[in-house]
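Taking it in order: structure first as structure tokens, then the write-up.
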Amino acid sequence: MTLTTPVKAPAREGRWRALGLRADVRNLSLLGVLAVLVAVGGLTRPAEFLATSNLQLVLTQASVIGVVTVGMTFVITGGGIDLSVGAIVALASVWATTLATQEFGFAGILFTAVAVGLGCGLVNGVLVAYGGMVPFIATLAMLASARGLALQITDGRTQIVTVPSVLDLGVPDAYVLGIPPLVLVFAAVTAAGWLLLNRTTFGRRTVAVGGNPEAARLAGIDVRRQRLSLYLLSGLCCGIAAFLLVVLAGSGQNTNGNLYELDAIAAAIIGGTLLSGGRGTIVGSVLGVLVFTTITNIFALNNLQSDVQQIAKGAIIVAAVLIQRRTVRDGDG
């Protein structure tokens, strides 16, 4: 007994250290995939793909779905799922671009987009944390409701933004050292998300709740409040993404954010966030977003059909999940 008892803690520490090493290897692998994609784009369409304007476009497009993915990473790490993020982005974007809202200018549009996102996140969180609903069902209901309300607000029409201070953020004159403002916002959200998940009590509680809710409860964590906070955070990210999309498109449409939920979940998974909860990585999720956005850009430049692009994405997701399962199994062994 005295010989075997002291060995447990080091063994556990060694297992977690091994998982951390695998996470580093996964990030390096994603960087390698990204480098290969850049090489493919440079070889197939060197003039178009390597143009500064195209690289800025890739980063700008990645910024919108990237902000959503940061929020999704927290939700999945906490053991949940959010299928409503795309619909929330659509609802927030059209609500923020109504004529009544635009009368309040830049502040009114930004405030409305964020407020709508937080409101939807609050409803999701209450239903899941305090209503006892399965996250899949609760967020699926929000998806349908938000899409329907967005369609009702717009009546199927595109709402054009006429506020100059909002539109000016999307023009090259607003770039900072050649970097679009939307990319800077994405970088700030990513940095804040990384700090929140890896350097705060909130992040540790999120991992604990996602890994073992009952153990987290026995440890004194308010599991329901934590889950509510995660959906609020996801809603906040959707509101920010909606504002970025309004700046990028210069309009609000009920079709905005289509399939964002699938792209965000896929990016988080291939980045190394465990689908069953208990482990998440912001850096990996961002790399996943960049991989998918680069694939989309390369396919567009080469005039390849979108169905082939979806097949490629599906193959990447399947491969990532299989690798993830093997990583978890080896870590438990």
Side-chain angles (χ1 to χ4, degrees), residues 56-57 59-71 82 84-126 139 141-176 179-189 192 231-261 264:
Q56 290 172 334
L57 175 63
L59 292 176
T60 301
Q61 292 176 336
S63 298
V64 181
I65 185 61
V67 171
V68 175
T69 303
V70 170
D82 192 347
S84 64
V85 291
I88 294 175
V89 169
L91 179 59
S93 69
V94 300
W95 207 324
T97 53
T98 60
L99 292 177
T101 303
Q102 292 192 51
E103 290 181 358
F104 294 94
F106 183 98
I109 294 177
L110 175 59
F111 174 81
T112 302
V114 172
V116 171
L118 283 172
C120 293
L122 176 63
V123 173
N124 281 336
V126 169
T139 58
M142 175 58 73
L143 183 156
S145 301
R147 282 290 178 193
L149 185 54
L151 178 59
Q152 188 177 50
I153 291 175
T154 62
D155 196 23
R157 299 186 180 93
T158 298
Q159 298 179 163
I160 304 300
V161 177
T162 58
V163 180
S165 57
V166 173
L167 298 175
D168 289 344
L169 290 177
V171 300
D173 289 342
Y175 292 2
V176 180
I179 303 175
L182 274 66
V183 178
L184 295 177
V185 173
F186 176 35
V189 171
Y231 282 99
L232 278 172
L233 181 59
S234 178
L236 173 63
C237 288
C238 289
I240 296 173
F243 178 78
L244 297 182
L245 191 56
V246 167
V247 173
L248 182 62
S251 63
Q253 304 177 55
N254 65 285
T255 55
N256 283 342
N258 187 36
L259 296 181
Y260 273 18
E261 56 278 356

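Because only heavy atoms are used, hydrogens play no part in the values below, and waters and symmetry mates are left out as well, while side chains stay in.
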Smallest separation among heavy atoms of Thr162 and Pro164, with atom names: O-CD, 3.2 Å
Taking every non-hydrogen atom, the tightest pair across Gly117 and Ile88: CA-CG2, 3.9 Å
Between CD on residue Glu261 and CG on residue Asp82, distance to nearest 0.5 Å: 9.0 Å
Pairwise side-chain contact, Leu59 with Phe186, heavy-atom cut-off 4.5 Å (strictly under): no
Side-chain heavy atoms of Leu236 within contact of Ile240, under 4.5 Å: yes
Minimum-distance pair of heavy atoms, taken over all atoms of Val64 and Tyr260: CG1-OH, 3.6 Å
Can I get a per-line list of side-chain donor-acceptor pairs under 3.5 Å for residues 241-258, giving both atom names and the distance, sequence neighbours left out?
{"residue": "Asn256", "atom": "ND2", "partner": "Ser93", "partner atom": "OG", "Å": "3.1"}
{"residue": "Asn256", "atom": "ND2", "partner": "Gln253", "partner atom": "O", "Å": "3.4"}

Atom CZ of Phe111: over 12 foreign heavy atoms under 6.0 Å: no
Side-chain heavy atoms of Gln159 within contact of Ile153, under 4.5 Å: yes
Partners meeting salt bridge (Lys or Arg N to Asp or Glu O under 4.0 Å) with Asp173 (sequence neighbours left out): none
Residue from Leu169, Val171, Thr60 passing side chain to side chain contact (heavy atoms under 4.5 Å, CB included) with Pro180: Thr60
Side chain to side chain donor-acceptor pair (under 3.5 Å) assessment of Ser84 paired with Asn124: CA-CA 9 Å; Ser84 64; Asn124 281 336; 3.0 Å; yes
Nearest heavy atoms of Ala113 and Ala92, plus distance in Å: O-CB, 3.6 Å
Closest contact, heavy atoms only, Tyr175 versus Gly170: OH-O, 4.2 Å
pair Gln61-Leu57: side-chain heavy atoms closer than 4.5 Å: yes
Side-chain touch Cys237/Val68, heavy atoms, less than 4.5 angstrom: no
Ala90 versus Arg147, closest heavy-atom pair with distance: CB-NH1, 3.3 Å
